[in-house]
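Residue numbering restarts at 1 for every chain, and letters A, B, ... go by the order of the sequence lines.
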Amino acid sequence: MRLVLRHLPRAMSELPKAYEPNEVEKSWYQAWLDAKCFEADPSSEKPPYSMVIPPPNVTGILHLGHVLNNSIQDILARRARQKGHEVLWLPGTDHAGIATQTKVEKQLREEEGKTRRDIGREAFLEKVWQWKEKHGGIIIKQLKRLGCSCDWSRERFTMDADYSKWVAQVFADLFKEGLIYRGKRMVNWCPVSLTALSDEEVIPKKQNSKLYYMKYELVDEPGQFLEIATTRPETLMGDVAVAVNPKDERYGKYVGQKVKRPFPPAEIPIVADEHVDPEFGTGALKITPAHDKADFEIGVRHDLEIIDVFHPDATVNCPDVPELDGQDRFVARKKAAAMLEEMGLMLKIEEHENNVGFSERADVPIEPRISMQWFLKYPATEETAKAVAQEEISYRPARWAKTHANWMDGIQDWCVSRQLWWGHRIPVWYRKEKVSALQEAESLTLDNLSAGDLHVSAEPPMDPENWIQDNDVLDTWFSSWLWPFATMQHLGEDSELVKKFYPTTDLVTGPDIIFFWVARMIMAGFRFKGELPFKNVFFTSIIRDIKGRKMSKSLGNSPDPIDLMDKYGADGLRFGLMRTAPVGADLRFDEALVEEGRNFANKIYNACRFRRMVGSDSKSDFKPADHPSLRPYHYDILAKCDALAVNQEAAYQEYRFNEIGSQLYEFLWSEFCDKFLEAVKGDLREEASEAQREITLGVFDVVMARYLQLLHPYMPHLTEELSVRMGYLAEGQFLMQQELPEQALLVGVNSDIITTGQEQADAVYEAAGRLRNLKAEYRLAARKDVTFIAKSGPDWLEAEAETLSLLVGAEAITRDEAYAPEQGTPGAVTSVGELFMPLAGLIDMEAEKARLDKEIDKIQKEVGKCQNKLGNEKFVANAKPEVVAVERERLAEWEGNLSQLQQMRANLTS
RNA sequence: GCUCGGUUAGCUCAGUGGUAGAGCGCUUGCUUCACACGCAAGAUGUCACUGGUUCAAAUCCAGUAUCGAGCACCA
């Protein structure tokens, strides 16, 4: 028995005037879960559709970026179900190494005043797992609140035991292949997290720094100095040379000489290197190979010593200079500058803007540092670049393919080791006899170990007591890049799931992680599964605030989606966001968008509420073809609904989510409510015939039932609710499980009849607009007692006169071809003929003259434009025939209107 | 420096060769028997600039200006 039955007994008309989404959304979500609507069946005969969720950080909380991203995925999943696919949307979370470890360390510090080293690796990991258990479910709950139809029975976590097996196995395979190696290299070091980072985790930021000009004395020419500019005097102790450009004539004579390093005192050589830019600073560059990537390379070229003068936390490690030893790098910078000043070696200090790399997570400047790390030479780079370039994987918008290509071009080996504890520990063991202490293992090179002393495998050694495991863990992304298949398949098994659903169909993610994630997943797909992991990648907009700034906690400009959902409903939030989400550009978020979404939900709800007030029995089995003659408004709305279905499909094909939303909005609000519903209200009044009433209710129900289905991916809860309440579903059915019918609503109806009906409906709607306009001009908008007289018009006018009156808010519209308007009677040329508004006669003749003159003027301009165009021989010769035909029709229409208006104007003055 | 994107109504954005659009905001009028989270009417544009292609350019091409993103450099 369905939970939702408890909704049914209450009549719609007893419900509040405004839709209240919160209860409805929660109970429907639960009903879907209870009925296992989201679970994928690998044995299904239906064609597969699959996606994997970009796994959010396990301890993260939902932000608007997630809302946009997951709304899109939910829309795709729900639409695919409606199109008859067996859908797998596989959810899960990411362990997020640094982010999570940092949070737990902070808590440990605050609550117990301890560091992770104080309590040790095992106890610390225990705490992280506890934290994960406590906070890990939050974002999943939030995704459920949003209505995401993920298969929660298959939820995965990147540190699940079998997922971890994949990670270790992949590492071992790549190591055996020679693509993973260990070495001492210059890496990006985070002095707060105390770990190496990949290039992608370093964010360059513009900084207002200082450029210090100082001088080093030449050893062979006392009293002579070489001037050097630097932004980092605190690394001076690590200087091992000064470099100049070999082509720089100012310094050529000094190359090969030595200068005196001020502290600790030393004599260091002057070398020539192409890297040095003679234009910058003084053209002489101090070389600190231990603390700068470029300096390191120069050091290698000139065989220079490497002197590391920092501890891992970026405090100075230089006992020879006690003034600086132990100081933080930024304190040391000022102190070193002061010391140079005292020694008379400082020339000047200039303001200088430069880029400094910041640690993505800890938000402090990274320190280039030489350390022993594990690196990966990327596999399958050629296939990956080719697959994207040749659109075997299509990127949408397509321009991101170029960004992808640019990155692939200059690709550097990936530093995959992290000096953290939370993560997948590197599956490498060293024989204890050879390596007695972990500290030694860190400085060990693999070349010094024979094959028997090294164990690299997904399985630990059989005799663990004789081995020591590598201390480091892997970069989080080293597990994420396996996500599309490691979530579907245990290592070494060929699961039903992977057979049915891999490769996946679509991937929806942000363009900011093309390098981190998307490109790497493609490489892993090729290398480990021999094929592409997905066919289409849809990149979402990046959400900014209304001023165009990135959303961030520190700016406080990031609204909590849960608050928004409480206020406007999940459907309102989804719809508001989707309707304006630009295809290519950034999205500027404004709460007004969500308000619009809520208002729209309310509009639909009220249209249905109205329907229930005039009759509680559903007529969704109504067949237009069974009725020989419907009213024009019926044909019109049925045809527009059929067109909507077609247009929706076209827009889905191109992932044009904003257009899909606009179509849905336009149809319901303008076409269905403003036009159709207003036009047929008369059919539902007590004095209307039973037959007419039945037909109108039938048309309402078939259109609304179909519309709710089309809208369902965007507003799943509301549409499910209304479909049940309106009686459009059989007992036990869910809207989300109904396939979209292929048949049009107007199937079997003669197309000429439809066209005629639509033309008449159009004419009436257009005329209603003109007459309302006329009333408003004479400030009669609110009056209902105005009668219009038609002096001309089509033969069907009388049949529709009552409807037109209803739409206009008029007493009546009567036909009188002999009618001779009194002077000053306002009139208008409409698509249902020449109409006059006698009530206002004699009121203001001058105003009427002015109004007509203005209108005539406007139309004359249009006529002129058309005539010009049609008078252009080249236009008539070259333009498409249908374009010319349209132009001719337009001219004829304008001219007809013009002559009628001119006649009316003439009558006024005669 | 390289690459990519934007510039259309007061605001946020659609529009891709053939009559300039939406939502919000604004003005005016409405307790119209679904909805004020609403109804009706209205005002508002040198489609950044300059040139080119075309019978026809907001739309295609080239350049300029300007804003933004990414990459490289950054002593």
With sugar-phosphate taken as primed atoms, P, OP1 and OP2 and all else as base, the protein-contact string of nucleotides 21-28 of chain B at under 4.0 Å (heavy atoms; B, S, -) is --SS---S
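Closest contact between the side chain of A/Ala607 and the listed nucleotides B/C39, B/C55, B/A34 involves B/A34. Nearest nucleotide to the A/Lys865 side chain, out of B/C37, B/C35, B/A20: B/A20. Distances from the side chain of A/Asn599 to the nucleotides B/U19, B/C55, B/C37 place B/C37 closest. Here the nucleotide nearest the side chain of A/Phe875, chosen from B/C55, B/A40, B/A34, is B/C55. Ranking B/G42, B/G18, B/C37 by closeness to the A/Asn773 side chain, first place goes to B/G42. The listed nucleotides are B/A34, B/U19, B/C74; the one nearest the side chain of A/Ala294 is B/C74.
When rounded to the nearest whole Å, the span between CZ of A/Arg851 and C1' of B/G42 equals 14 Å. Atoms NZ (A/Lys675) and P (B/C39) sit 14 Å apart, rounded to a whole Å. A straight line from CD of A/Glu766 to P of B/U19 spans 18 Å, rounded to a whole angstrom. The distance between atom CG of A/Leu898 and atom C1' of B/U19, rounded to the nearest whole Å, is 16 Å. As a whole-Å value, the separation of A/Phe610 CZ from B/C35 P is 10 Å. Put simply, NZ on A/Lys775 is 9 Å from C1' on B/A40, counting in whole angstrom units. The distance from atom CG of A/Leu806 to atom P of B/C39 is 16 Å, rounded to the nearest whole Å. Atom pair A/Phe672:CZ and B/A34:P shows a separation of 14 Å (rounding to whole Å applied).
Among the heavy atoms of the strands lying under 4.0 Å from A/Asp277 is at least one base atom, whether or not backbone atoms are also near. Using a 4.0 Å heavy-atom distance criterion, A/Leu211 is classed as a sugar-phosphate-only contact. Within 4.0 Å (heavy atoms only), A/Val886 reaches no atom of the nucleic acid at all. Counting any heavy atom pair closer than 4.0 Å across all strands shown, A/Cys866 reaches no nucleic acid atom. Residue A/Lys293 is classed as having no contact, given no heavy-atom separation below 4.0 Å to the nucleic acid.
With a 6.0 Å radius and a threshold of 12 heavy atoms from other residues, nucleotides or ligands, A/Arg301 has its CZ atom above the threshold.
Below the 3.5 angstrom threshold, one finds no donor paired with an acceptor across the side chain of A/Lys17 and the base of B/A36. A donor-acceptor contact under 3.5 angstrom links the side-chain atoms of A/Lys603 to the base of B/C35. Between the side chain of A/Glu678 and the base of B/A40, no donor-acceptor pair of N or O atoms lies under 3.5 Å.
Listed here is the closest heavy atom pair of A/Val356 and A/Pro365: CG1-CB, 3.8 Å.
OP1 or OP2 of B/C37 has not a single side-chain nitrogen or oxygen of A/Arg598 nearer than 4.0 Å. Using a 4.0 Å cut-off, no side-chain N or O of A/Arg399 falls inside it from OP1 or OP2 of B/C4. Contact between the side-chain N/O atoms of A/Lys402 and the OP1/OP2 oxygens of B/C4 is found at a separation under 4.0 Å.
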Protein-nucleotides 69-73 of chain B N/O pairs under 3.5 Å:
from, atom 1, to, atom 2, distance (Å)
B/C73, N4, A/Asn355, ND2, 2.5

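Between A/Lys210 and A/Glu351 a salt bridge is recorded (basic side-chain N to carboxylate O distance below 4.0 Å).
Going from atom CG of A/Leu664 over to atom CD of A/Gln648 covers 4.0 Å, rounded to the nearest 0.5 Å.
Aromatic rings from A/Phe539 and A/His404 are positioned such that their centres are separated by 6.0 Å or more. For an aromatic pair to be called close, the ring centres must be under 6.0 Å apart, and A/Tyr395 with A/Trp400 fails this. Taking the six-membered ring wherever Trp is involved, the centroid distance between the rings of A/Phe657 and A/Phe538 falls below 6.0 Å.
Base pairing of B/G5: its partner is B/C67, meeting the Watson-Crick or G-U wobble criterion (both donor-acceptor distances under 3.5 Å). Base pairing analysis places B/U27 opposite B/A41; the two distances defining the Watson-Crick or G-U wobble pair are each below 3.5 Å.
Remark: the separation of the C1' atoms in B/U53 and B/C11 is 36 Å, to the nearest Å.
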Table please: side-chain donor-acceptor pairs of residues 590-599 of chain A below 3.5 Å, with sequence neighbours left out.
from, atom 1, to, atom 2, distance (Å)
A/Asp590, OD1, A/Ala592, N, 3.1
A/Glu591, OE2, A/Lys567, NZ, 2.8
A/Glu591, OE2, A/Tyr568, OH, 2.8
A/Glu596, OE1, A/Arg579, NH2, 2.4

With a cut-off of 3.5 Å and sequence neighbours excluded, list every side-chain donor-acceptor pair involving residues 873-890 of chain A.
from, atom 1, to, atom 2, distance (Å)
A/Asn878, ND2, A/Lys874, O, 3.3
A/Glu887, OE1, A/Arg890, NH1, 3.0

Name every donor-acceptor pair, under 3.5 Å, that has one atom in a side chain of residues 230-244 of chain A and the other anywhere in the protein, sequence neighbours excluded.
from, atom 1, to, atom 2, distance (Å)
A/Thr230, OG1, A/Arg232, N, 3.0
A/Arg232, NE, A/Glu234, OE2, 3.0
A/Arg232, NH1, A/Glu367, OE2, 2.7
A/Arg232, NH2, A/Glu234, OE2, 3.1
A/Arg232, NH2, A/Glu367, OE1, 3.2
A/Arg232, NH2, A/Glu367, OE2, 3.0
A/Glu234, OE1, A/Arg333, NE, 3.1
A/Glu234, OE2, A/Arg333, NE, 3.3
A/Glu234, OE2, A/Arg333, NH2, 3.0
A/Thr235, OG1, A/Arg232, O, 2.9
A/Thr235, OG1, A/Lys286, NZ, 2.8
A/Asp239, OD1, A/Lys286, NZ, 2.8
A/Asp239, OD1, A/Thr288, OG1, 2.9
A/Asp239, OD2, A/Tyr216, OH, 2.8

Distance-only criterion, 3.5 Å: show the donor-acceptor pairs between side-chain atoms of residues 764-775 of chain A and protein atoms not counting sequence neighbours.
from, atom 1, to, atom 2, distance (Å)
A/Glu766, OE1, A/Ser831, N, 3.3
A/Glu766, OE1, A/Ser831, OG, 2.5
A/Arg770, NE, A/Val829, O, 3.1
A/Arg770, NH2, A/Glu855, OE2, 2.4
A/Arg772, NH1, A/Leu807, O, 2.9
A/Lys775, NZ, A/Arg783, O, 2.9
A/Lys775, NZ, A/Val808, O, 3.2
A/Lys775, NZ, A/Gly809, O, 2.6

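Between A/Tyr378 and A/Trp414, the two ring planes are parallel [angle under 30°; tilted spans 30° to 60°].
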